[in-house]
Amino acid sequence: MLADVLAAQRATLELKCAGLDADLARRTVEPSTLSLLGLVRHLADVERRWFRKVLAGQDASPRFSSPEDPDGDFDGAVPDGRVIAEAWHAWREEVAFADAYVAEAPRLDVEGHDAWRGRVSLRWVLIHMIEEYARHNGHADLLRERIDGARGI
């Protein structure tokens with residue numbers, strides 16, 4: 001059930017971005033750099049962190065942000081076809097890894113170590129990811145409406 005709810009949240013993000021190309025990078029409320037493309041890049045990094053680094057124990061640095069550039073996921077979201085394609089590719093790759101990890105996990109109490117929270121279970125990460133997407137999908141609702149007036153998609 002948790003995996004299905006997370007899948008629905010991920011599908012909502014894709015739906016909010018559907019039909020947009022360079023407009024994905026349009027910023028709507030200065031001085032914020034929040035954009036739909038930035039959300040895709042941010043969520044790719046979030047997926048990567050929780051599933052690859054924390055749960056799978058891989059040495060997986062963020063793709064779009066860094067300690068030197070903590071807002072790189074949003075600041076680097078520019079209206080360039082290559083940047084947009086890279087963001088979607090990264091996001092889909094991280095989602096696929098996460099889905100495979102969840103499918104292969106023997107149980108939901110499998111744990112990983114997070115530098116901030118200590119030991120966290122797969123169950124906790126799934127719930128956290130649902131919350132993360134739900135919050136950012138709310139942002140995506142507002143951003144999409146500002147871009148082209150689309151509502152309820």
Side-chain angles (χ1 to χ4, degrees), residues 1-20 24-25 27-28 32-77 82-147 150-153:
M1 179 169 45
L2 292 173
D4 288 345
V5 172
L6 179 54
Q9 289 293 327
R10 290 170 174 155
T12 298
L13 177 69
E14 285 188 287
L15 186 61
K16 296 297 174 186
C17 296
L20 298 176
L24 283 170
R27 291 172 173 85
T28 59
S32 173
T33 58
L34 188 66
S35 67
L36 290 170
L37 180 58
L39 289 174
V40 172
R41 290 162 53 99
H42 172 72
L43 289 164
D45 275 355
V46 171
E47 294 266 3
R48 185 173 180 84
R49 177 176 182 269
W50 287 110
F51 290 100
R52 285 190 194 267
K53 187 172 185 173
V54 172
L55 290 173
Q58 294 182 358
D59 182 18
S61 298
R63 292 174 180 243
F64 302 108
S65 60
S66 67
E68 299 78 29
D69 188 11
D71 292 325
D73 43 2
F74 291 99
D75 294 342
R82 289 173 299 188
V83 173
I84 293 166
E86 177 190 16
W88 281 117
H89 174 78
W91 182 77
R92 288 187 176 99
E93 191 171 88
E94 296 307 327
V95 166
F97 178 88
D99 285 346
Y101 183 89
V102 171
E104 295 169 10
R107 56 193 184 285
L108 289 174
D109 59 352
V110 169
E111 292 185 334
H113 183 266
D114 176 55
W116 294 344
R117 291 173 179 85
R119 303 298 294 170
V120 294
S121 69
L122 172 56
R123 177 182 289 106
W124 185 91
V125 169
L126 287 168
I127 292 167
H128 176 68
M129 290 300 296
I130 292 165
E131 178 273 332
E132 183 86 10
Y133 272 92
R135 179 167 26 96
H136 290 312
N137 282 337
H139 298 137
D141 278 335
L142 298 171
L143 290 165
R144 181 63 190 254
E145 188 172 356
R146 293 276 306 231
I147 290 169
R151 297 170 59 191
I153 59 170

Would you compute the distance between atom OG1 of T12 and atom OH of Y133 and round it to the nearest 0.5 angstrom?
10.5 Å

Would a 4.5 Å heavy-atom cut-off, applied to side chains only, mark R123 and I127 as touching?
yes

Salt bridge (charged side-chain N to carboxylate O under 4.0 Å, His left out), that's the test. Do E86 and R82 meet it? Break it down for me.
CA-CA 6 Å; E86 177 190 16; R82 289 173 299 188; over 6 Å; no

Could you measure the distance from the CH2 atom of W124 to the CG atom of L2? Nearest 0.5 Å is fine.
13.0 Å

Minimum heavy-atom separation for A98 to E47, with atom names?
CB-OE1, 3.5 Å

Other residues, nucleotides, ligands: >12 heavy atoms within 6.0 Å of R117 CZ
yes

Hey, is the main chain of D45 close enough, under 3.5 Å, to the side chain of D73 for a donor-acceptor pair?
no

Non-hydrogen atoms of P70 and P67 that approach each other most closely:
CD-O, 3.6 Å

Going by heavy atoms in the side chains, are V125 and Y101 under 4.5 Å from each other?
no

Less than 4.5 Å apart, any side-chain heavy atom of L6 and any of V102?
no

The reported gap from SG in C17 to CG in L36 (rounded to nearest 0.5 angstrom) is 4.5 Å

With under 30° as parallel and over 60° as perpendicular, where do the rings of H136 and H139 fit, or are they tilted in between?
tilted

If every non-hydrogen atom of A87 is compared with every non-hydrogen atom of V40, which pair is closest and at what distance?
O-CG1, 3.8 Å

Starting at CZ of R119, measure out to CG of D109 and round the result to the nearest 0.5 Å.
11.5 Å

Are F74 and L37 packed together at the side-chain level, in the sense that at least one heavy-atom pair is separated by less than 4.5 angstrom?
no

D114 side chain near H128 side chain, heavy-atom distance below 4.5 Å
no

Would you indicate whether the side-chain heavy atoms of M129 and F51 approach each other to under 4.5 Å?
yes

Minimal heavy-atom distance between A77 and G38, with the atoms involved, is CB-N, 3.6 Å

Measure the CZ-CG distance between R146 and D141 for me, rounded to the nearest 0.5 Å.
14.0 Å

Could you state the interatomic distance from CG (D59) to CZ (R52), rounded to the nearest 0.5 Å?
11.5 Å

Residue of the set R49, R48, K53 for which salt bridge (charged side-chain N to carboxylate O under 4.0 Å, His left out) holds with E94
R48

Work out which heavy atom in G72 is nearest to a heavy atom in S65; give both atom names and the distance.
N-CB, 4.2 Å

Set out, in order, the CA-CA distance, both residues' side-chain angles and the distance that settles ring-ring contact (aromatic ring centres under 6.0 Å, His included) for F64 and H42, then state yes or no.
CA-CA 7 Å; F64 302 108; H42 172 72; over 10 Å; no

Can you confirm whether more than 12 heavy atoms, excluding those of R151, are under 6.0 Å from its CZ atom?
no

Side chain to side chain contact (heavy atoms under 4.5 Å, CB included) for R10 and L43? Distances and angles first, verdict last.
CA-CA 9 Å; R10 290 170 174 155; L43 289 164; over 6 Å; no

Pairing of E14 and R92 as salt bridge, 4.0 angstrom limit
yes

Quick check against the 3.5 Å criterion: does N137 have a side-chain atom that pairs as donor or acceptor with the backbone of Q9?
yes

Contact summary for L15 and R144, nearest pair of heavy atoms:
O-NH1, 4.1 Å

